[in-house]
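Predicted model only: the values in this text are computed from it and were never measured. All heavy atoms count here, side chains included; hydrogens, waters and symmetry mates do not. In what follows, every chain begins at residue 1, and chains take the letters A, B, ... in the order their sequences are listed.
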Protein chains: 2
Amino acid sequence: MLSVTCKAAIKAVIYLGSMFKSGEKFGIREIADQIDENEHTVGKLLQKLAKAGLICSAKGPNGGFYIIENQMKLPILAIVEAIDGTDVFNQCGLGLHKCSAAHPCPIHNDFKSVREGFRMLCSEKTIEDLCLPVNSGIAYLIS
Amino acid sequence: MLSVTCKAAIKAVIYLGSMFKSGEKFGIREIADQIDENEHTVGKLLQKLAKAGLICSAKGPNGGFYIIENQMKLPILAIVEAIDGTDVFNQCGLGLHKCSAAHPCPIHNDFKSVREGFRMLCSEKTIEDLCLPVNSGIAYLIS
DNA sequence: GTAATAAAAGTATTTAAATACTTTTATTTA
DNA sequence: TAAATAAAAGTATTTAAATACTTTTATTAC
Ligand code: FES
Ligand code: FES
C-alpha cells in the first residue's frame, strides 16, 4: 500500500506529535530508535517533511526535529503526499495506465471503493488524532 | 497494493477466461500481448499458476495455456495467494511486524477495515464474474 | 523415429527502493 | 571567535523485484 519510507514517516511524525507537549526537539537517531526504523531512511525522510513544512527542524546544539500546533492538525494524507505522492490514491487495481470510469478494468468499481476508503482514512485522521491512543498507551509505534 | 506480477497474473487469467468458450490454447507471447505486459514476466507467472492448479498448460505444437470450467469458479484471491502470498491481507498499515488488536498501531481499526474490504473483493469476485464485463465490452484488460 | 513447437526451468541483467556513508552548513555555547 | 553539535545534502552500496536470455523437456505431426 504505502512504501516502507512512507510508513516510517507517519510513525515519525506521530512520535513527534506524542512528544509535542514537552517542547523538546529530537535527533534523527532518537526518532529512528523510537519507531524502530532505519536511521538513514528516517534522516532522509525527516528532511523531506521539514522542507514540505510538515515538521520543523533546527540545526546546531540542542537542535533537532519538532512539531508545532498547526502541524498537529494536518491529516496524514499530507505526509503520504509528501513522501509517496498521490499515485496510491489514483492507480488502477489491475495496473492499467489510467484508472477511469470511461475505460475501466474489470474490478474498477469495487477497487475504487477500497481505494477511496483508504483515502478517507488518510484525509480524516490528523496527527493529533493518532497521537491520542499512543499517549494513552492503547496504541504503539513499535512492535 | 499488489505487485506488478500479480496484477499481470489476474489480467492473464481473466484473458484466458474470456476466451474459455473457444476451447483454444494460448501461448505466452499472445497472452502478454493481449494484456500489455512483459512477455518474460508473464511466462514465469503462468508457470506458477499452472503449477498451483489455477490454469492448465500443454507443451508441444498446438500447446499453450488454457482454463477449464472449475478454474473459472475460483476467486481472484487464489491468484493473489499463489503469486504474492497472503501478506497483503495481514500486514500492518504502518509497518509493525505483526498486525494485532492486542498490540495495535494508531490506525489499526480503520486500516483493518480497508484491508478487509480488499480481501472481500478478492474472495468474492471469481474469474467468471470478471470475464463477463470483458466479454460484453464494458471493461478492458489494456489501456 | 525425426523435426518442429511450445512450455518449463534455470541463470543473468536491469531497475528502483532502501540503506549506508561522507561532506557541508548552520547554530549554539563557551 | 573557536569548538561542538546536529541537520542538510550529496554520493555509494545493497537488496529485491522485474525483465531478459538460454537451455531443457514434453508433445505433436509428419
Ligand atoms: S480502471 Fe482499474 S481500478 Fe479503475
Ligand atoms: S497493527 Fe497496524 S494495522 Fe493492525
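No donor-acceptor distance shorter than 3.5 angstrom exists from the side chain of D33(B) to the backbone of E30(B), with no hydrogens or angles considered. At distances below 3.5 Å, at least one donor-acceptor pair connects side-chain atoms of S3(B) with backbone N or O atoms of C6(B). Side-chain atoms of R115(B) come within 3.5 Å of backbone atoms of N90(B) as a donor-acceptor pair (strictly under, hydrogens ignored). Side chain of H97(B) to backbone of C92(B): no donor-acceptor contact under 3.5 angstrom is found. The backbone N or O of I35(A) lies less than 3.5 Å from a partner atom in the side chain of K11(A), making a donor-acceptor pair.
Note: CD (Q47(A)) to C1' (dT11(D)) measures 13 Å, nearest angstrom. Look at CD on E30(B): it is 10 Å from P on dA7(C), rounded to the nearest Å. L49(B) has its CG atom 14 Å from the C1' atom of dA7(C), to the nearest Å. Put simply, NZ on K51(A) is 8 Å from C1' on dA9(D), counting in whole angstrom units. At whole-Å resolution of the value, CZ in F65(B) and C1' in dT27(D) are 14 Å apart. What separates CD of E24(B) from P of dT5(C) is a distance of 18 Å, to the nearest Å.
The side chain of K25(A) places no N or O atom within less than 4.0 Å of a non-bridging phosphate oxygen (OP1 or OP2) of dA7(D). Checking the phosphate oxygens (OP1, OP2) of dA8(D), a side-chain nitrogen or oxygen of S57(A) falls inside 4.0 Å. Contact check, K48(A) against dA9(D): no side-chain N or O comes under 4.0 Å of OP1 or OP2.
The two residues Y66(B) and E24(B) come nearest to each other via the heavy atoms CB-O, 3.7 Å.
Looking at heavy-atom distances under 4.0 Å, I28(A) makes contact with sugar-phosphate atoms alone, never a base.
Taking the nucleotide of DNA chain C with the nearest heavy atom to each of L46(B) and S3(A), the more 5' of the two is matched to L46(B).
Of the residues in residues 77-93 of chain B, not one comes within less than 4.0 Å of DNA chain C through any heavy atom.
F26(A) has its ring centre less than 6.0 Å from the ring centre of Y15(A).
Of the nucleotides present, dA9(D) is the one that pairs with dT22(C) by Watson-Crick or G-U wobble criteria, both distances under 3.5 Å.
Atom CE of M72(B) sits about 8.0 Å away from atom CD1 of I127(B), to the nearest 0.5 Å.
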Walk along nucleotides 19-30 of chain C from 5' to 3' and tag each nucleotide B, S or - by protein heavy-atom contact under 4.0 Å, base first, then sugar-phosphate. SBB---BBBBS-
Determine all donor-acceptor pairs shorter than 3.5 Å in which one atom belongs to a side chain in residues 45-59 of chain B; sequence neighbours excluded.
none

